[in-house]
Every structure is written in structure tokens, then in C-alpha cells.
Amino acid sequence: RMAWVRNDIGKWKVYVQDIQTGKRQKVFKKGVRNPQQTTDYNYPLLAWNPDNERLAILYERRDVARMALMTPGSKRGKEDNILSPEYQRVYSMDFVNPADIVFSAEVKGFSDLFQYNITNRQTQRLTNDFWDDLDASVVRLEGKRGVLFASNRLNDTLQTGQQRIDSLLPLGSFD
């Protein structure tokens with residue numbers, strides 16, 4: 001199955017299509033059409049659970065990040081939870097395992113990585129520095145599982161100690 005979003009000037013709908021049968025289903029919709037306001041195409045974010053049965057939809061409503069978990073084609077309905085208000089913006093998300101999601105999100109003006117447990121709604125901060133961490137994705141390389149992300153760090157090692165920030169934020173390339 002695959003999922004996608006259709007956005008019509010702020011009113012958006014999430015569709016799920018079975019690739020083998022071609023059957024398409026609208027599973028979620030929100031928003032209102034507003035030609036006067038700039039459309040935010042960054043939301044909603046979609047992620048399939050590793051079991052390929054549940055779909056996570058992260059969207060914003062009245063400047064509050066919300067997450068809907070649903071099973072397309074099921075009568076169970078959906079779980080809709082408000083994320084912590086500390087998240088100013090969520091840039092990307094991906095499932096680590098059936099119970100945990102990794103986020104790239106902005107908190108206090110800095111983008112960092114977070115691990116979010118969907119069962120108890122607890123958050124663990126994975127990075128906490130002034131470097132930008134974007135486009136988080138869970139991958140398996142050479143038999144090891146990890147999180148790949150784009151960053152403007154100067155080297156490929158996460159620093160655990162306190163780093164000093166200059167008056168100018170780093171402007172390095174994202175790789």
C-alpha cells in the first residue's frame with residue numbers, strides 16, 4: 001500500500017491505495033480552503049508503521065501539532081493525540097519500531113532529533129545542540145539499524161559535551 005496527501009489551498013485529504021488491486025480509499029481529511037493565506041505544504045507528514053498496517057499522520061491544527069494513528073480499511077477508527085507543546089515545528093518522522101517514532105523537530109528555535117513512544121507519549125531527546133538536524137529516516141545498513149539525518153555539523157560525530165555557540169549560527173552545507 002501507499003499513502004499520499006492531496007492539498008487544495010489548505011484543505012487536505014490523505015489517501016491510501018492498494019498497489020495490487022488499485023483500490024483507493026480516503027482515510028483522513030482536515031483543513032479549510034483559504035486563498036488569502038499561504039498554504040503550508042509541509043504538513044501533514046505520513047509514516048507507515050513497520051507492520052504496514054497502521055499509518056501515522058502528523059498535522060497541525062491551530063498551531064498545535066497532533067498525531068493521528070489509524071488502520072486503513074478497519075472499523076477501529078483512529079487515535080488522535082496532541083503532541084507536546086514544546087514542538088514548534090516537526091520537519092520529518094519515521095517509525096523506529098511499532099511503538100517508537102523518530103522526529104526531526106524544532107524546539108526553542110533549534111532543530112533536534114527526538115524519539116517518541118506512541119503508547120505512553122513519552123519523548124526522549126536524541127540530540128541537543130545548536131546544529132540543525134533534519135530529514136530523519138530509519139535505515140538498516142550492513143545489518144545495523146540506525147537513524148540517518150541531514151545536518152550542517154562540521155564532522156560526522158555527535159558531541160556529547162557542551163559546545164559554545166558563536167553569535168552567528170552555523171551555515172555549513174547539509175550532508
Side-chain angles (χ1 to χ4, degrees), residues 3-5 7 12 14 16 27-31 40-72 74 76-141 143-165 169-170 172 174-175:
W4 74 91
V5 176
N7 195 326
W12 53 267
V14 177
V16 172
V27 295
F28 201 72
K29 66 179 182 175
K30 288 283 183 195
D40 184 3
Y41 292 108
N42 297 318
Y43 283 118
L45 299 174
L46 305 176
W48 282 104
N49 197 309
D51 64 9
N52 205 23
E53 294 297 321
R54 296 190 329 163
L55 178 65
I57 304 168
L58 193 139
Y59 63 98
E60 200 173 74
R61 186 168 196 280
R62 296 186 178 163
D63 292 333
V64 176
R66 301 178 70 90
M67 180 181 292
L69 291 167
M70 58 186 351
T71 306
S74 171
R76 265 183 43 191
K78 68 179 184 321
E79 304 169 32
D80 200 353
N81 298 316
I82 295 175
L83 291 181
S84 172
E86 72 177 338
Y87 297 120
Q88 296 167 325
R89 188 88 173 153
V90 178
Y91 297 110
S92 64
M93 71 173 183
D94 197 8
F95 274 91
V96 176
N97 56 47
D100 294 312
I101 295 177
V102 66
F103 286 139
S104 170
E106 183 176 323
V107 173
K108 296 182 182 174
F110 295 102
S111 62
D112 287 311
L113 300 179
F114 299 87
Q115 186 169 337
Y116 177 79
N117 187 294
I118 60 175
T119 54
N120 61 15
R121 301 189 334 192
Q122 295 294 314
T123 301
Q124 176 186 359
R125 191 176 204 135
L126 301 177
T127 59
N128 188 8
D129 52 25
F130 55 83
W131 302 104
D132 291 322
D133 304 323
L134 303 172
D135 301 326
S137 181
V138 177
V139 296
R140 183 175 294 277
L141 293 171
K144 294 182 182 178
R145 199 168 174 172
V147 177
L148 288 182
F149 60 96
S151 180
N152 60 350
R153 297 170 191 276
L154 299 176
N155 56 31
D156 62 355
T157 306
L158 294 175
Q159 303 292 328
T160 56
Q162 195 69 302
Q163 298 177 16
R164 294 185 51 92
I165 188 168
L169 291 175
F174 282 87
D175 53 7

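Since the structure is predicted, the reported quantities are computational estimates derived from the model, not experimental observations. The basis for the numbers below is simple: all heavy atoms, side chains too, and nothing from hydrogens, waters or symmetry mates.
Contact detail for Ala136 and Asp94: the closest heavy-atom pair is O-CB, 4.2 Å. In this structure, Val147 and Phe149 approach most closely via the heavy-atom pair O-CD2, 3.9 Å. Contact detail for Ile101 and Ala56: the closest heavy-atom pair is CD1-CB, 4.3 Å. Pairing each heavy atom of Ile82 with each of Arg66, the nearest pair is CG1-NH1, 3.1 Å. Contact between Arg54 and Ile118 at its shortest, heavy atoms only, is NH2-CD1, 3.0 Å.
No donor-acceptor pair closer than 3.5 Å links the side chain of Glu53 to the backbone N or O of Thr71. Put simply, the side chain of Thr127 gets close to the backbone of Leu113: a donor and an acceptor are under 3.5 Å apart. A donor-acceptor pair is defined here as one N or O able to donate and one able to accept, closer than 3.5 Å; such a pair exists between the side chain of Asn49 and the backbone of Pro98.
Looking at heavy atoms from C-beta onward, Val90 lies out of side-chain contact with Met67 at the 4.5 angstrom threshold. Side-chain contact between Asp51 and Phe95: absent, with no pair of heavy atoms (C-beta onward) separated by less than 4.5 Å. Considering only heavy atoms from C-beta on, Ile57 stays 4.5 Å or farther from Lys30 through its side chain. Counting heavy atoms from C-beta outward, Arg125 and Thr123 have side chains that stay 4.5 Å or more apart. Using a 4.5 Å heavy-atom threshold, the side chains of Leu58 and Phe103 count as touching. Using a 4.5 Å cut-off on side-chain heavy atoms (C-beta onward), Tyr43 and Val5 make no contact.
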Practice item. Start with the C-alpha gap between Val138 and Val102, add the side-chain angles, then the distance that decides, and say whether side chain to side chain contact (heavy atoms under 4.5 Å, CB included) holds. Key: CA-CA 8 Å; Val138 177; Val102 66; 3.7 Å; yes

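Heavy atoms of other residues, nucleotides or ligands lying less than 6.0 angstrom from CZ of Arg89 number more than 12.
Expressed to the nearest 0.5 Å, how far CD of Glu60 lies from CZ of Arg62 amounts to 12.5 Å. Interatomic distance, Gln122 CD to Gln115 CD, rounded to the nearest 0.5 Å: 12.0 Å.
A search for side chain to side chain donor-acceptor pair (under 3.5 Å) contacts involving Asn97 returns Asp100, not counting sequence neighbours. With sequence neighbours excluded, the residues that form a side chain to side chain donor-acceptor pair (under 3.5 Å) with Glu106 are Tyr91. Every residue two or more places apart in sequence or in another chain was checked for a side chain to side chain donor-acceptor pair (under 3.5 Å) with Ser104, and none qualifies.
The aromatic rings of Trp12 and Phe28 lie tilted to each other, with the angle between the two planes from 30° to 60°.
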